[in-house]
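Take this structure first; my questions come after.
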Amino acid sequence: MNPADIPGLPPGVPEFLRESGIEALYPPQAEAVDAGITEGESLVASVPTASGKTLIAELAMLSSVERGGKALYVVPLRALASEKKAEFERWADFDVDVGISTGNYESSEEWLASRDIVVATSEKVDSLVRNGAPWIDDLTCVVADEVHLVDDPNRGPTLEVTLAKLRRINPDLQVIALSATVDNADEVADWLDAALVKSDWRPVDLRTGVHYGGAITFDDDSQREVPVGRGERPTAALVDDTLDEDGSSLVFVNSRRNAEAAARRLADVTADHLTDEERTELAALADDIEGVSDTETSDDLAAVVAKGAAFHHAGLAAEHRSLVEDAFRDRLLKVISATPTLAAGVNTPSRRVIVRDWRRYDGEFGGMKPLDVLEVHQMFGRAGRPGLDPYGEAVLLANDHDTMDELFERYVHADPEPVQSKLAREPAMRTHLLATISSGFARTRDGLLDFLDRTLYATQANDTTRLESVVDSTLDYLVANDFVDREGDEITATGLGHTVSRLYLDPMSAAEIVDGLREAEDPTPLGLYHLVCRTPDMYELYLKSGDRETYTELCYEREAEFLGRVPSEFEDVRFEEWLSALKTAKLLEDWTREVDEDRLTDRYGVGPGDIRGKVDTAEWLLGAAERLATDLELDCVVAVREAKKRVQYGVREELLDLAGVRNVGRKRARRLYEAGVESRADLREADKAVILGALRGRERTAERILENAGRRDPSMDDVRAEADADAGADGDDTTTDDRSRDTAGGQASLGDFE
DNA sequence: GCTGTCTTACTCTAGACAGCATGTC
DNA sequence: CTAGAGTAAGACAGC
């Protein structure tokens, strides 16, 4: 199909498409147009990654906007939201404005209302609906990207319920659902009253196969010799082989440690294939990466990057990730070894994809569990860059013939699993029933069931008794915790219930927090951190060997600080969870005692990205706790607010005022304080020479800070920095300080092995 | 005596959305 | 009680 033959587009778009090199639509795109996506028809497109799904969405959104409407593009990850926004901005010339709304990057309400296309995460959309954002009513088209994620036990129900709500708010809403190839796309289409386009077509040829005994055997029975030398690893041989053709590789492994170890080994392979120019560019990139964070992870990553390889997992700081992804896309990095994060994240295509580990540890399963076919296929889908690679190759690894046969059967020739609604799970029900009641979508039990009838769950379930019983027990729970009231048939949210729903808290988290705060007379920061860390909204840190003893001891030592009853050591599971939460809380406490990032990472066995994640979550939960305490008129409001601010800035109490000044973080605040500048007011009055000295002679920085502190004459012209008293020992003093404090308190820290 | 290879015992395990009000080194 | 790669440390051979 020729772009000019597409109906309903804004004038000029077909020409624009042709200028961007789109002479003819891909077959699935043409099918989608035939199904009427540019004329308001709904569609489920179940097609492989990189086969032009985005254009399908764009055509639908553009035509909807052309008819005077407004489109919403729903993504599963923040990183994807910014990626898509940047992509859609190419339509700016056609008077199509794009806005973005995620938890960390929020455009103002009025501004979003004026945008033609809004990109948001599913949770954010859910939240906007709960809070009654008026522009939601104006939507004419919604796109759900990666809709197969409705299968996800944690976040799937949010997407499912959100789509159901949007369709209820606007019955004429056009829905475009983009999915990986799944077994039961027809059920999804059924649910959404949409047409279905299902295709295996790909713009770049994809060959999948298994490497065993010195050769890859592909699905079409062809072979490619990739001999493995003595003492060489198959992965290295495969990466080397791709490099001989000037192609890049993506290696998927099953743990962070494996990703890092593999990158170290593969760096020796890539190092031999670099031009001098690449070496120079990589050295610069390595410098940038090292500068992102002062941690071992950062240094390790920089070391392999200098040689043309990288690792990628959720322990990396966000900047690390994007630097690595960008450099790989620019073909500067030759190989990335990654955990499954990368398969679900932003677009990072590669000539060859190597799925080294196809089993992953799963505690619930009690051992190594094979990856889902869908997951492996998502990894496969990263192979082959449209327009750049002649073909893509996806390879699994086998050590013996039996395994090779198994892999062919299990992954190469297998269809992905069907997606299955997880809505009937308790945690999902808790949250979504309360939200549904709170925002007035339903006022009775029948009303709730009627609403739930619009979900995928109802489409799939052949009898609704399970759903009814979960609804009933969940309602009981919500009533018992004073989130909803029941009078006869009438179900309404209480004030508390409304607040909880709008704060986007899991009701169980809210209940735990409310209980804890009610009994808190004079809560300590650790007590508050522990309270929020043990809610279901916080991922807990994993207890390592030795941690049990360490934190049991700490638990008794600081027993008085905990809010709520400490479970007995003999309630195994409960106590274990209590300790995990304590470990997380202790990480936060250390963070607010200004312990350095690198010490935190090795004390808690986490990466810089994990620290950021924990801090963010704690900040959010403490903010919610503050709001709950305010509404309930509890005395601890001030304590909670202070704990939140300390987590937010990562500082001790005395630095709160300083750290509140823009451009002053935990490090600068501490240096200023040591130099005698102890408050915002001091910043306005103190000797500039002292301030400049504390800021290590950075004039621009100092001027910006003074300006932000409200000083009348921020100029640093002619000011000479007073010598920094402890130059060279900076940063270390606080850590040493902290360590002696810990030891004095009798607490085991790293290096105490007794 | 040093170095590389093999053996063995032991360790550890993926991911990341959200409120609200403004801005790290 | 499940799996398998990584790792550190010791054993051993070869020079």
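Convention: sequence-line order gives letters A, B, ...; per-chain numbering from 1. Just so it is clear, the model here is predicted, and its values are computed rather than measured.
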Where the side chain of A:Arg257 is defined as all heavy atoms beyond and including C-beta, which of C:dA5, B:dC17, B:dG19 is the nearest nucleotide?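 Of the options given, the side chain of A:Arg257 lies nearest C:dA5.
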Does A:Arg264 make a side-chain N or O approach to OP1 or OP2 of C:dA5 shorter than 4.0 Å?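 Answer no for this pair, as no side-chain N or O of A:Arg264 is under 4.0 Å from OP1 or OP2.
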Separation of A:Leu706 CG from A:Met716 CE (nearest 0.5 Å):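 Output value for this atom pair is 4.5 Å.
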Would you indicate, yes or no, if B:dG23 has its OP1 or OP2 atom less than 4.0 angstrom from a side-chain nitrogen or oxygen of A:Arg668?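 So the side-chain polar atoms of A:Arg668 never come under 4.0 Å of the phosphate oxygens OP1 or OP2 of B:dG23.
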For B:dA18, is there a stacking contact with A:Trp620, counting only centres under 5.5 Å and planes under 30°?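 Whether judged by distance or by angle, A:Trp620 passes, so it stacks on the base of B:dA18.
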Could you check which of B:dA16, C:dT7, B:dT13 has an atom nearest any side-chain atom of A:Thr341?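 Closest nucleotide among those given: B:dA16.
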Please tell me which of the listed nucleotides, C:dA5, B:dC17, B:dT13, lies nearest to the side chain of A:Asn258?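 Selected nucleotide (nearest to the side chain): C:dA5.
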Does any N or O in the side chain of A:Thr601 come within less than 3.5 Å of the main-chain N or O of A:Asp598, such that one atom is a donor and the other an acceptor?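 Yes: the side chain of A:Thr601 pairs with the backbone of A:Asp598.
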Polar contact flag, side-chain donor to acceptor under 3.5 angstrom, A:His432-A:Glu160: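 Result is no, nothing qualifies.
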Of the options B:dC17, C:dG6, B:dG15, whose atoms approach the side-chain atoms of A:Glu123 most closely?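 Selected nucleotide: B:dC17.
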Please determine whether the number of non-hydrogen atoms from other residues, nucleotides or ligands lying under 6.0 Å from atom CG of A:Asp400 exceeds 12.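 Enclosed.
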Please say whether the positively charged group of A:Arg646, taken as NZ for Lys or CZ for Arg, lies over the ring of A:Trp591, i.e. under 6.0 angstrom from the six-membered ring centre and within 45 degrees of the axis.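 That pair does not qualify as a cation-pi contact.
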Which nucleotide, C:dT7, B:dG19, B:dA16, lies nearest any side-chain atom of A:Tyr504?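 So the side chain of A:Tyr504 is nearest to B:dG19.
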What's the shortest heavy-atom distance between A:Asp152 and A:Pro157, and which atoms?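 So the two residues come closest at O-CD, 3.4 Å.
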Cut-off 3.5 Å, side chains only: do A:Tyr604 and A:Asp590 have a donor facing an acceptor?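 Yes, a side-chain donor-acceptor pair sits under 3.5 Å.
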Check this for me: does the side-chain of A:Arg359 come within 3.5 Å of the base of C:dA3 through a donor and an acceptor?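 No, the side chain and the base share no sub-3.5 Å donor-acceptor pair.
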Minimum-distance nucleotide to A:Tyr361 side chain [options: B:dT13, C:dG6, B:dA16]: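 Given the options B:dT13, C:dG6, B:dA16, the side chain of A:Tyr361 is closest to B:dT13.
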What stems involve DNA chain B, if each pair must be Watson-Crick or G-U and both of its distances must be under 3.5 Å, with 3 or more such pairs in a row?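 When the pairs of DNA chain B are grouped into runs of at least three, the stems are B:1-13 with C:3-15.
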If you pin A:Leu77 and A:Val661 to their nearest nucleotides in DNA chain B, which one's is more 5'?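 Closer to the 5' end of DNA chain B: A:Leu77.
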By nearest nucleotide on DNA chain B, pick out whichever of A:Gly291 and A:Lys544 is the more 5' one.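 Comparing both residues, the 5'-ward one is A:Lys544.
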Under the criterion side-chain contact (heavy atoms from CB on, under 4.5 Å), which of A:Val637, A:Leu528, A:Leu632 is the partner of A:Leu517?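 Per the side-chain contact (heavy atoms from CB on, under 4.5 Å) rule, the option paired with A:Leu517 is A:Leu528, out of A:Val637, A:Leu528, A:Leu632.
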When you measure from the side-chain N and O atoms of A:Ser127 to the phosphate of B:dG19, is any distance below 4.0 Å, counting only OP1 and OP2?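 Checking B:dG19 against A:Ser127, a side-chain N or O does come within under 4.0 Å of OP1 or OP2.
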Measure CD/A:Glu260 against P/C:dA5 and give the value in whole Å, please.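 Value for this atom pair: 18 Å.
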Given C:dA3, B:dG15, B:dT13, which nucleotide is nearest the side-chain atoms of A:Tyr539?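 Nearest to the side-chain atoms of A:Tyr539, counting from C-beta on, is B:dG15.
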Do A:Asn258 side-chain atoms and A:Asn254 backbone N/O form a donor-acceptor pair below 3.5 Å?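 The answer is no, because no donor-acceptor pair under 3.5 Å joins these two groups.
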Of the listed nucleotides C:dA3, C:dA5, B:dG23, the one nearest the side chain of A:Arg356: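 Closest nucleotide to the A:Arg356 side chain: C:dA5.
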Give me the residues of residues 311-322 of chain A where at least one heavy atom lies under 4.0 Å from an atom of DNA chain B, by number, or none.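 Heavy-atom contacts with DNA chain B come from A:His313, A:Ala314, A:Arg321.
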So, A:His320 and A:Ser298: side-chain donor and acceptor under 3.5 Å apart, yes or no?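 Looking only at side-chain atoms, A:Ser298 and A:His320 do form a donor-acceptor pair, the distance falling under 3.5 Å.
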